[in-house]
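Remarks on the structure that follows.
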Amino acid sequence: MDYLERRSLPWRLLGGGSNLLVADQDLGEVVLQLARPKNGTTFDANRVEVAAAANLGTTVMECAKRNLGGMEGLIGVPGTVGGALRMNAGAYGTEIGPLARSLTVYRGATGRVEVLKTPDLKFEYRHSSFAPNDIMLSVSLELITRPYAEIVEKVKLFNQKRRASQPINEKSAGCIFKNPSGHSAGKMMDELGLKGTRVGGAVVSERHANFFVNRYQATAADILKLMDLVRESVLKTYGLELEEEVIVWRL
Ligand code: EPU
């Protein structure tokens, strides 16, 4: 970080890259990614301390083996624990943010490493209060003691649900838009008959309309055009402005 700061080199932090759309042009920035830890996870009663770069699904299962549940809904959400925290990833009634008790963060603004604790950790629907130049290093999560077999049963159920309703075998960046309060973006797009709509190589998934799949070597521009088209359609019919959930790295 010193090297980059001293030379005023612009940088961005990449988590697992699963909720991200990167512009086709060269952004001219250094991309940083934390190394995946080998044995970075430690347990203390119902607390788990895990590196931000750890894989989320692997963490859910590692905790399950210690009879620690509460994260089952997050199984199948691709990416890292840190990325999930930044986005406050959620599925099937569980969000990761409220499970966090303390976070070790490199603060871009000061260049210092700080430990933040609840209630200073602020999470909202698919949003956290961290600055783009904050780098999460590790997190302590508070989980629920639950028998392994019970956790695995839930994990199987959520995996089945996800397989049945989301295009998990195709390339996508997860849900493209946030759900406007009280509405489902995917449902509205489906009702508008937008499934299968194609721009260049990008297609609105026939399985779940809020997923755009890269079926024919799509460019980022194809996806962005498809997003505009869908946004206009939803605004015209429902009078609702869809907000991006996918993180877009633009020039
Ligand atoms: N629906 C349709 N057609 C579609 C898609 C959905 O009719 O093409 C209907 C479903 O049948 C259901 C309702 O819309 O009645 C809601 O759908 P679903 O349960 O799939 O949930 P969602 O609101 O579309 C949210 C999250 C997902 C998360 C699921 C499961 C957002 C934007 N999406 O989707 O998160 O996996 O719930 O909990 O909050 C993500 O954030 O990237 C993501 C995929």
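Counting starts at 1 for both ligands and their atoms, following the listed order. Quick note: residue numbers are just sequence positions, from 1.
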Counting each atom of ligand 1 from 1 as listed, which ones have a heavy atom of Tyr125 under 4.0 Å away? 31 (C), 32 (C), 39 (O)
Identify the protein heavy atom lying closest to atom 23 (O) of ligand 1, giving its residue, its atom name and the separation to 0.1 Å. Asn179 ND2, 2.7 Å
Residue pair Arg47, Asp44: steps toward the salt bridge (charged side-chain N to carboxylate O under 4.0 Å, His left out) verdict: CA-CA 5 Å; Arg47 291 277 184 105; Asp44 182 12; over 6 Å; no
Any donor-acceptor pair under 3.5 Å linking the side chain of Gln33 with the backbone of Gly15? yes
Any non-hydrogen protein atom below 4.0 Å of atom 37 (O) of ligand 1? no
Quick look: Lys161 vs ligand 1, heavy-atom contacts under 4.0 Å, and the answer is neither
Among all protein heavy atoms in this structure, tell me which lies nearest to atom 7 (O) of ligand 1, with the distance rounded to 0.1 Å. Asp190 OD2, 3.5 Å
With heavy atoms and a 4.0 Å threshold, my read on which part of Cys175 contacts ligand 1 is both
Among non-hydrogen protein atoms, atom 30 (C) of ligand 1 lies closest to Tyr92 CE2, 3.5 Å
May I ask whether atom 19 (O) of ligand 1 is less than 4.0 Å from at least one protein heavy atom? no
With heavy-atom distances below 4.0 Å as the criterion, list the atoms of ligand 1 near Phe177. 32 (C)
Numbered in order shown, the ligand 1 atoms found under 4.0 Å of a heavy atom of Glu245 are 31 (C), 32 (C), 40 (C), 41 (O), 42 (O)
Does ligand 1 have any atom that is closer than 4.0 Å to a heavy atom of Met87? no
Six-ring centre of Tyr3, Arg7 cation under 6.0 angstrom, axis tolerance 45°: yes
Under 3.5 Å, is there a donor-acceptor pair between the Tyr106 and Glu114 side chains? no
Under 4.0 angstrom from ligand 1, any heavy atom of Gln166? yes
Please list the nearest protein heavy atom to atom 26 (C) of ligand 1 with its residue and the distance rounded to 0.1 Å. Arg126 NH2, 3.6 Å
What atoms in ligand 1 come closer than 4.0 Å to a heavy atom of Ala209? 4 (C), 8 (O)
Please identify which atoms of ligand 1 are closer than 4.0 Å to at least one heavy atom of Phe211. 44 (C)
Atoms of ligand 1 under 4.0 Å from any heavy atom of Gly186, numbered from 1 in the order shown, are 3 (N), 4 (C), 5 (C), 8 (O)
Measure from NZ or CZ of Arg198 to the centre of the six-membered ring of Tyr216, then state whether that distance is under 6.0 Å and the direction lies within 45° of the axis. yes
Using a 4.0 Å heavy-atom cut-off, which part of Met189 comes near ligand 1: side chain, backbone, both, or neither? neither
Heavy atom of the protein closest to atom 21 (O) of ligand 1 (residue, atom name, distance): His208 NE2, 4.3 Å
Please test Lys178 against Glu243 for salt bridge (charged side-chain N to carboxylate O under 4.0 Å, His left out), starting from the C-alpha separation and ending with a verdict. CA-CA 6 Å; Lys178 293 183 185 178; Glu243 204 185 310; 3.2 Å; yes
Non-hydrogen protein atom less than 4.0 angstrom from atom 10 (C) of ligand 1: no
Please list, in number order, the atoms of ligand 1 under 4.0 Å from a heavy atom of Gly174. 42 (O)
